[in-house]
**Student:** 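Before we start, here is the structure in question, set down as structure tokens.
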Amino acid sequence: MQGEPRRVISSGVDIAVYEHGEGEPILLIHGFASSALTNWYEPGWVRYLASAGHRVISVDNRGHGRSAKLYASELYTAPTMARDAAAVIEELGIGPVHVMGYSMGARITTFLTMQAPELVKTAILAGLAENMIKGVPGGEKVAQGLEAPSLEHVTDAQARAFRIFADRTSSDRAALAACMRAARQEISEQELSVIDRPVLVAAGTEDDIAGEIEPLRSAIAGAEALPIPRRDHMRAVGDKVYMDGVLRFIRSHG
């Protein structure tokens with residue numbers, strides 16, 4: 001059960017925070033159009049990590065789940081959303097903490113690690129690898145698909161996938177469109193090279209949205225790779241190889 005969220009105010013924005021279990025804390029940051037419930041509770045992540053002795057803290061990113069909905073794209077930059085994560089860590093007094101982000105959440109985790117390394121114990125970057133550096137194309141088509149009157153009006157395959165996902169999760173599609181249109185600040189290999197925290201890069205071997213693992217792994221000194229065999233972007237989320245690999249990584253840096 002997810003339960004009622006705790007509220008953390010970050011720069012005036014209400015962020016929903018969920019806690020489950022006891023022990024060494026880990027913060028989970030979900031992907032675009034998802035939520036803590038969809039990304040972490042339903043696939044079994046929260047139960048899995050809590051049963052392994054962790055205090056599991058998950059957030060609904062701004063514009064998602066039960067957090068505040070905003071409709072200006074400039075309010076959804078990754079550095080801004082990373083400051084939300086920092087506010088949660090500081091409010092709960094849990095830093096430095098293990099942080100895992102999936103897809104957009106991996107991008108947020110990367111900025112958090114660069115902006116406030118003192119708050120991060122380890123960083124698990126999942127569902128976004130090479131395209132963290134190169135960028136993921138098709139953002140405007142996805143935004144237009146979210147704004148379309150119905151699914152029948154959406155012809156682009158990627159846009160249809162996100163529209164179906166947003167409808168399934170009863171998301172605020174206008175807020176998501178604003179988030180998708182936020183300026184995507186590029187992260188260069190030079191910027192990534194300053195990260196000095198243990199990093200795990202995880203992605204499905206068939207994940208075209210994430211891209212190849214090696215370019216991101218090699219850009220971060222000492223980073224480890226976790227390929228998730230035969231999984232694409234959506235099917236990798238609850239995969240046992242992914243879950244067991246993350247737990248091994250966390251334990252090795254406990």
Side-chain angles (χ1 to χ4, degrees), residues 2-20 25-41 45-46 49 55-128 132 136 139 143 166 169 171-187 191 195 197 199:
Q2 188 180 35
E4 286 299 312
R6 176 173 180 165
R7 319 306 302 198
V8 171
I9 304 302
S10 173
S11 301
V13 177
D14 190 322
I15 303 296
V17 181
Y18 308 88
E19 298 185 63
H20 190 83
I26 178 170
L27 175 65
L28 307 180
I29 305 176
H30 67 76
F32 175 75
S34 191
S35 66
L37 176 64
T38 304
N39 209 144
W40 306 119
Y41 277 82
W45 269 106
V46 173
L49 292 171
R55 176 185 175 191
V56 186
I57 299 137
S58 54
V59 299
D60 285 337
N61 292 319
R62 55 174 61 198
H64 297 71
R66 297 167 76 177
S67 288
K69 307 303 186 293
L70 311 168
Y71 302 99
S73 60
E74 62 268 21
L75 299 176
Y76 287 103
T77 66
T80 298
M81 296 173 83
R83 287 192 287 273
D84 294 341
V88 171
I89 295 170
E90 291 169 343
E91 175 72 18
L92 272 58
I94 56 174
V97 64
H98 300 291
V99 184
M100 176 163 62
Y102 195 85
S103 194
M104 180 182 74
R107 185 174 175 81
I108 294 168
T109 300
T110 301
F111 274 97
L112 172 65
T113 306
M114 294 191 298
Q115 292 171 185
E118 71 281 1
L119 299 180
V120 179
K121 187 171 188 177
T122 68
I124 299 115
L125 311 178
L128 190 60
M132 178 91 71
V136 181
T169 55
S171 297
D172 184 323
R173 291 186 286 103
L176 293 183
C179 181
M180 179 54 70
R181 288 195 173 102
R184 296 291 192 270
Q185 181 178 333
E186 294 182 0
I187 308 178
E191 289 174 304
I195 294 176
R197 295 294 183 265
V199 171

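Because only heavy atoms are used, hydrogens play no part in the values below, and waters and symmetry mates are left out as well, while side chains stay in.
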**Student:** Indicate yes or no: at least one non-hydrogen side-chain atom of E4 is less than 4.5 angstrom from one of R66.
**Tutor:** yes
**Student:** Under 4.5 Å between any side-chain heavy atoms of R107 and M132, yes or no?
**Tutor:**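 With C-beta onward as the side chain, the pair touches.
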**Student:** Indicate the atoms forming the closest heavy-atom contact of A16 with P5, along with that distance.
**Tutor:**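 In terms of heavy atoms, the two residues are closest at CB-CB, 3.7 Å.
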**Student:** What's the separation between atom CG in N61 and atom CG in N39, rounded to the nearest 0.5 Å?
**Tutor:** 9.5 Å
**Student:** Side chains of T109 and M100: closer than 4.5 Å at any heavy-atom pair?
**Tutor:**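 A side-chain contact is absent here, since even the closest heavy-atom pair is not under 4.5 Å.
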**Student:** Are L37 and T169 packed together at the side-chain level, in the sense that at least one heavy-atom pair is separated by less than 4.5 angstrom?
**Tutor:** no
**Student:** Do Y18 and Y41 have side-chain heavy atoms sitting under 4.5 Å apart?
**Tutor:**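 Yes. Closest side-chain heavy atoms under 4.5 Å.
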**Student:** Test: salt bridge (Lys or Arg N to Asp or Glu O under 4.0 Å). Region: residues 72-95. Which pairs qualify, not counting sequence neighbours?
**Tutor:**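 Listed by first then second residue: R62-D84.
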**Student:** Once you round to the nearest 0.5 Å, how far does CD1 of I26 lie from CH2 of W45?
**Tutor:**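 Answer rounded to 0.5 Å: 7.5 Å.
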**Student:** Tell me the closest heavy-atom pair linking S35 and G65, and the distance in Å.
**Tutor:** CB-CA, 4.1 Å
**Student:** Quick one: does F32's side chain get under 4.5 Å of S103's, heavy atoms only?
**Tutor:**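 Counting from C-beta outward, F32 and S103 never come under 4.5 Å.
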**Student:** Show your working on side-chain contact (heavy atoms from CB on, under 4.5 Å) between E19 and L92 and close with a plain yes or no.
**Tutor:** CA-CA 10 Å; E19 298 185 63; L92 272 58; 3.9 Å; yes
**Student:** Which residues pass the side chain to side chain contact (heavy atoms under 4.5 Å, CB included) test with A175, sequence neighbours left out?
**Tutor:** K69, Y71, Y76, D172
**Student:** Could you report the tightest heavy-atom contact between A36 and Q2, atom names first, then the distance?
**Tutor:**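 So the two residues come closest at CB-NE2, 3.7 Å.
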**Student:** So which atom in S73 and which in A182 form the shortest heavy-atom distance, rounded to 0.1 Å?
**Tutor:**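 Nearest heavy atoms, S73 then A182: O-CB, 3.3 Å.
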**Student:** With sequence neighbours left out, write down each residue that passes side chain to side chain contact (heavy atoms under 4.5 Å, CB included) with A82, or none if nothing qualifies.
**Tutor:** I108, F111, L112, Q115
**Student:** Before giving the answer on side-chain contact (heavy atoms from CB on, under 4.5 Å), spell out for R197 and T122 the whole-Å C-alpha distance, their side-chain angles and the decisive distance to 0.1 Å.
**Tutor:** CA-CA 6 Å; R197 295 294 183 265; T122 68; over 6 Å; no
**Student:** Between OG of S67 and CZ of R7, what distance do you get to the nearest 0.5 Å?
**Tutor:**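 Atom-to-atom, S67:OG and R7:CZ are 6.0 Å apart.
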**Student:** Is any side-chain heavy atom of D14 less than 4.5 Å from a side-chain heavy atom of I9?
**Tutor:** yes
**Student:** To the nearest 0.5 angstrom, please state how far the CD1 atom of I89 sits from the CD atom of E118.
**Tutor:**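 I89 atom CD1 to E118 atom CD measures 9.0 Å (nearest 0.5 Å).
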**Student:** Any side-chain heavy atom of H64 sitting closer than 4.5 Å to one from L176?
**Tutor:** yes
**Student:** I'd like to know if the side chain of T110 reaches the main chain of A106, judged simply by a donor and an acceptor atom lying under 3.5 Å from each other, with no hydrogens or angles considered.
**Tutor:** yes
**Student:** Report the distance from atom NE2 of H30 to atom CG of D60, rounding to the nearest 0.5 Å.
**Tutor:**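 So the gap between those two atoms works out to 5.0 Å.
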**Student:** I would like to know whether I57 and V97 meet side-chain contact (heavy atoms from CB on, under 4.5 Å); could you show each step before the answer?
**Tutor:** CA-CA 10 Å; I57 299 137; V97 64; 5.5 Å; no
**Student:** Applying side-chain contact (heavy atoms from CB on, under 4.5 Å), run through V56 and L28 and close with a yes or a no.
**Tutor:** CA-CA 7 Å; V56 186; L28 307 180; 3.5 Å; yes
**Student:** Rounded to the nearest 0.5 Å, how far does OH of Y102 lie from CG of L128?
**Tutor:** 9.5 Å
